[in-house]
Amino acid sequence: MTQRKAGRHFLQIPGPSAVPDRILRAISHQTIDHRGPDFAEVGRGALKGMKWVFQTTAGEVVIYPASGTGAWEAALVNTLSEGDRVLMYETGHFAALWRKMAERLGLEPEFLSGDWRSGADADAIEARLRDDRGHAIKAVCVVHNETSTGSVSPIAAIRNAIDAAKHPALLMVDTISGLAAIDFRFDAWGVDVAVSGSQKGLMLPPGLSFNAVSPKALAASRHAGMRRSYWDWDDMRNSNTNGYFPYTPATNMLFGLNEAIAMLQEEGLDTVFARHARHGAATRAAVRAWGFQVVCQQQGQESGALTAVMMPEGHSADAFRATTLQHFDISLGNGLSKLADRVFRIGHLGDFNDAMLLGTLSGIEMALAKAEVPHETGGVAAAMAVLRQETAAPAAAVQPRSGAADGAQDQRRR
Ligand SMILES: *Cc1c(COP(=O)(O)O)cnc(C)c1O
């Protein structure tokens with residue numbers, strides 16, 4: 001028998017994030033008939049609520065019982081034809097995985113190389129599109145919040161780059177770890193297909209993923225030649241109009257999703273984004289006070305969802321993570337592919353507050369000493385100074401936003 005550990009585990013990986021009790025309770029409800037009369041309200045509520053989360057009125061949302069990777073595939077197979085050229089940008093591990101998928105599916109991805117220390121470069125994308133006079137490139141695919149590095153790509157600037165080059169390519173954005181943590185505006189930023197997942201900013205367990213689809217992407221899907229069945233948008237949309245799904249949806253996850261949407265509406269998206277940004281700033285202050293480097297080197301592109309930290313030369317990030325887990329019951333994210341063992345990642349996304357952040361950073365600072373990793377002390381104090389300076393959410397944020405009424409839940413359930 002393993003030794004019982006008292007207190008709550010700190011799940012500080014950048015997804016899955018810890019699931020709040022309200023959502024756990026919502027999920028722990030008897031499964032209902034997904035073709036029965038009660039289900040339609042659940043389905044319609046989730047679809048409508050997710051449009052609000054994506055900040056779209058012009059677009060539509062599709063919900064899959066799948067991990068984020070499934071929604072990546074759905075974005076590609078619904079809009080493109082075999083042999084199509086797609087322009088992708090190497091922001092890090094997740095961008096590389098999406099490119100590999102495109103290749104496997106028979107597309108021809110072109111990868112603009114990056115150093116894994118910043119978001120996608122809008123100027124480089126514009127230059128490449130200007131060269132593509134024959135419009136062979138059918139889509140530009142970028143990762144909004146690159147979870148392997150903690151860098152954010154400037155989506156609005158990339159939209160402007162595509163427009164400046166007068167290029168008709170679709171703009172596809174992976175915001176799996178960005179949505180509901182850092183600002184993402186589907187309509188305002190002219191995104192054509194957005195991809196997201198349940199287990200990061202949305203505070204749910206893994207198991208649901210999403211596409212938001214613009215009218216232009218929908219039009220493209222009518223001519224897209226790639227074979228698709230499970231991921232087909234039309235099957236989904238036909239059933240979704242009445243609040244139903246073409247196959248068995250993840251019913252209990254949808255109960256949880258509706259609770260998550262209600263929680264986001266009660267807090268307000270702007271407050272959610274400000275909270276994440278503030279926690280990112282405090283975390284970076286701690287990292288720098290320890291004398292370490294943040295992986296993202298581009299000022300203004302640092303993520304509010306997670307911070308990736310360079311381990312000092314000669315020290316194993318994985319051995320350090322084992323120490324934080326063993327002694328402080330904190331799970332930190334590992335370095336991925338070329339950053340393996342050189343980087344650890346601190347997730348500060350989802351249902352998270354100042355005291356939880358300070359607990360996490362204190363555990364890390366204690367573990368640095370325990371693991372005998374050379375560092376300066378005072379990281380936690382530096383984070384506290386940032387939290388004191390930058391005031392938390394404005395008082396107005398405790399009021400539900402207008403329009404939140406349909407998602408508002410009994411406050412006593414908190
Ligand atoms: C988590 C994540 C993925 C993969 O999602 P899965 O749910 O693991 O399939 C893809 N892209 C980004 C940016 C992610 O953070």
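Atoms within a ligand are numbered from 1 in the order they appear, just like the ligands themselves. Predicted, not measured: the structure shown is a model, and the values here were computed from it.
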**Study point:** Nearest atoms (heavy-atom pairs only) where Arg99 meets Met88
**Key:** CA-SD, 3.4 Å
Exercise for review: For Thr175 and His144, test the side chains for any donor-to-acceptor distance below 3.5 angstrom and give the result as yes or no.
Suggested key: yes
Check your understanding: Have Gln301 and Arg117 got a donor and an acceptor in their side chains that come within less than 3.5 Å?
Key -> no
Review point. Any side-chain donor paired with an acceptor under 3.5 Å for Asn252 and Thr31?
Key: yes
Review point. List by chain and number: which residues place a heavy atom under 4.0 Å from ligand 1?
Key: Ser67, Gly68, Thr69, Trp72, Phe94, Val143, Asn145, Thr147, Asp174, Ile176, Ser177, Gln199, Lys200
**Study point:** Pair Arg321-Asn334, side-chain donor/acceptor within less than 3.5 Å
**Key:** no
Review point. Using the ring of each side chain (for Trp, its six-membered ring), is Tyr244 parallel, tilted or perpendicular to Phe39, with breaks at 30° and 60°?
Key: tilted
